[in-house]
Amino acid sequence: MQTVVLAAGRGTRMRPLTDRRPKPMLPVADRPLVAHTVGAAVEAGADRIVLVVGYESDPLREYFGREYRGVPVEYAVQEERAGTADAVRAGAHLLEDEPFAVLNGDALFDQAGLDELYADGPAVASVRVDDPTQYGVLDVDRGSVSGIVEKPADPPSDLINAGAYCFPAEARRWLDVPESERGERELTDVLERTIDRADVRPVPLSRWLDVGRPWELLEANEWKVAEVAERTPTRAGEVSEDATLRGPVAVEDGAEVREGVTLEGPVLVRSGATVGPNAYVRGASLIGPDANVGHAVEIKNSVLMREAAVNHLSYVGDSILGRDSNFGAGTVVANLRHDDEPVKLTVKGERVSTGRRKLGVVVADGVKTGIDTNLNAGVSLSTGATTAPGESVTRDR
Ligand code: G1P
């Protein structure tokens with residue numbers, strides 16, 4: 001089935017990690033976030049991908065090229081971010097007069113659920129959540145979707161639209177919906193039109209993750225690093241005989257793990273990265289391409305992007321380190337509050353609860369910390385920020 005993947009968003013809630021790249025290109029295990037979505041679509045039976053791009057689209061075009069796993073990829077540009085229906089409309093001219101699927105490009109879907117969605121449309125993927133107010137909420141009557149309400153203050157159920165749809169061919173003509181209250185043209189209004197004319201099934205997903213905020217990038221890696229490490233050869237790279245590897249661990253070809261290192265999976269060490277000597281990396285952790293983890297460094301449940309370096313005597317827990325960031329010797333991250341309350345983080349200028357008891361820091365590309373820097377839980381450092389030697393950082397910079 002022809003499949004539209006929505007990947008035009010700016011990812012403002014993901015700042016500062018999206019200062020220089022689009023959210024769909026953020027690393028999740030061995031590939032960009034959106035490649036997991038596209039890969040799952042191909043696996044489910046997508047025979048053509050229309051990727052709707054917008055903000056910073058070059059890396060997306062470079063990554064996918066003209067085909068992905070043998071399936072042709074075409075691009076449509078959404079000039080303005082005017083909503084999900086507008087995004088599909090931007091790619092509609094590339095669609096044949098046949099049923100089509102639409103997937104949010106910033107979500108992870110379980111494969112079995114997506115397979116079912118593709119097998120028997122019209123359908124919408126659905127999942128139960130604790131707080132449905134931030135989503136499209138579904139009403140179901142005798143096994144069919146009977147209504148959908150977008151971001152309701154008073155949700156009719158806890159069953160939400162997970163952002164994966166299978167529309168009938170005619171829906172291409174129903175894309176021109178009026179602006180919603182939040183000023184966007186919503187795909188959920190297209191779904192509403194579909195419900196009026198066809199039987200739409202809610203397909204339950206057993207696992208789903210909407211990746212919008214920095215800690216959700218950690219959660220995405222917790223999910224996918226485990227999967228990828230399970231199916232990738234453990235010792236394709238150079239691994240010292242004096243290293244200890246436990247659980248699902250994959251050291252890619254071109255990576256090096258030196259003596260005295262303990263890797264406790266799920267851990268993925270990407271090509272060109274070096275770990276050790278004498279380092280301790282606990283899962284779920286991603287040590288990105290050409291990253292460096294040096295002597296007496298402990299990394300726990302963290303993502304180190306390409307060329308990130310933590311070279312000496314440091315602790316990094318539940319954190320994200322951007323490209324080419326560098327932690328000076330003795331940089332230590334706090335990842336827990338003494339009152340045991342969930343750690344807060346700044347999202348779109350506001351401090352919000354992450355719901356996580358353990359969360360360290362979010363560090364953008366090119367950040368450099370001075371030696372002996374202490375970073376408090378929930379601090380975020382923007383692109384190129386620096387800290388002085390011996391500093392204790394308790395606020396965003
Ligand atoms: C979109 C849909 C919403 C759905 C959500 C899933 O919301 O409009 O119905 O529940 O994706 O992530 P948006 O991400 O545009 O706010």
Side-chain angles (χ1 to χ4, degrees), residues 3-15 18 22-24 26 28 33-34 36-37 40-41 52-55 78 80-91 101-110 113-114 117 122-140 145-167 171 174-175 177-195 200 202-205 207-213 215-217 219-220 223 347-348 352:
T3 299
V4 182
V5 177
L6 308 181
R10 219 193 141 85
T12 40
R13 293 176 305 155
M14 193 56 94
R15 280 185 184 151
T18 45
K23 183 171 73 171
L26 287 171
V28 175
L33 170 60
V34 67
H36 290 277
T37 314
V52 181
V53 297
Y55 172 67
Q78 186 188 20
E80 275 176 61
R81 289 191 320 108
T84 44
D86 181 71
V88 178
R89 194 202 40 75
V102 178
L103 303 179
N104 283 2
D106 54 2
L108 298 176
F109 306 95
D110 79 88
L114 221 51
L117 183 90
V124 56
S126 63
V127 71
R128 292 194 189 279
V129 299
D130 292 338
D131 177 13
T133 57
Q134 298 310 308
Y135 300 101
V137 182
L138 302 174
D139 241 342
V140 175
V145 179
S146 55
I148 177 159
V149 34
E150 192 64 26
K151 319 248 171 1
D154 192 12
S157 77
D158 62 353
L159 191 67
I160 64 138
N161 159 25
Y165 321 72
C166 178
F167 286 105
W174 307 334
L175 296 169
V177 290
E179 267 185 23
S180 66
E181 271 172 30
R182 63 169 173 168
E184 294 191 10
R185 299 186 200 278
E186 318 268 1
L187 201 53
T188 44
D189 288 334
V190 181
L191 188 67
E192 188 86 62
R193 291 178 173 183
T194 310
I195 293 163
V200 177
V203 173
L205 297 179
R207 198 167 180 190
W208 173 76
L209 183 65
D210 179 25
V211 186
R213 299 159 300 182
W215 63 92
E216 286 155 353
L217 183 66
E219 285 165 19
W223 176 350
V347 175
K348 281 184 145 181
V352 299

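All ligand and atom numbering here is 1-based and tracks the order in the structure.
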Inset, instruction - Looking only at non-hydrogen atoms, find the nearest pair between A153 and T133 and report the distance. - result: O-CG2, 3.9 Å
Inset, instruction - Output the list of atoms in ligand 1 that are nearer than 4.0 Å to some heavy atom of D210, sorted by atom number. - result: 12 (O)
Inset, instruction - Determine yes or no for a side-chain-to-main-chain donor-acceptor pair under 3.5 angstrom, with T188 supplying the side chain and E150 the backbone. - result: no
Legend entry - Among L209, N161, I148, D106, closest by any non-hydrogen atom to atom 5 (C) of ligand 1: N161
Inset, instruction - Examine distances only and state if a side-chain atom of D139 and a backbone atom of G147 form a donor-acceptor pair shorter than 3.5 Å. - result: no
Inset, instruction - Any atoms of ligand 1 less than 4.0 Å from a non-hydrogen atom of G136? List them with their elements. - result: 3 (C), 4 (C), 9 (O), 10 (O)
Inset, instruction - Report yes or no: does R128 contribute a side-chain atom to a donor-acceptor pair with the main-chain N or O of D158 at less than 3.5 Å? - result: no
Legend entry - Residues, nucleotides or ligands: over 12 heavy atoms within 6.0 Å of D131 CG: yes
Inset, instruction - State the NZ-OG1 distance between K23 and T12, to the nearest 0.5 angstrom. - result: 8.0 Å
Legend entry - Protein residue, atom and distance nearest to atom 7 (O) of ligand 1, heavy-atom basis: K151 NZ, 3.3 Å
Inset, instruction - List the closest protein heavy-atom neighbour of atom 2 (C) of ligand 1: residue, atom name, distance to the nearest 0.1 Å. - result: E150 OE2, 3.5 Å
Legend entry - Atoms of ligand 1, numbered as shown, that sit under 4.0 Å from any heavy atom of Y135: 6 (C), 10 (O)
Legend entry - Closest protein heavy atom to atom 15 (O) of ligand 1, given as residue, atom name and distance to 0.1 Å: R182 NH2, 3.3 Å
Legend entry - Distance from atom 11 (O) of ligand 1 to nearest protein heavy atom, with residue and atom: N104 ND2, 3.2 Å
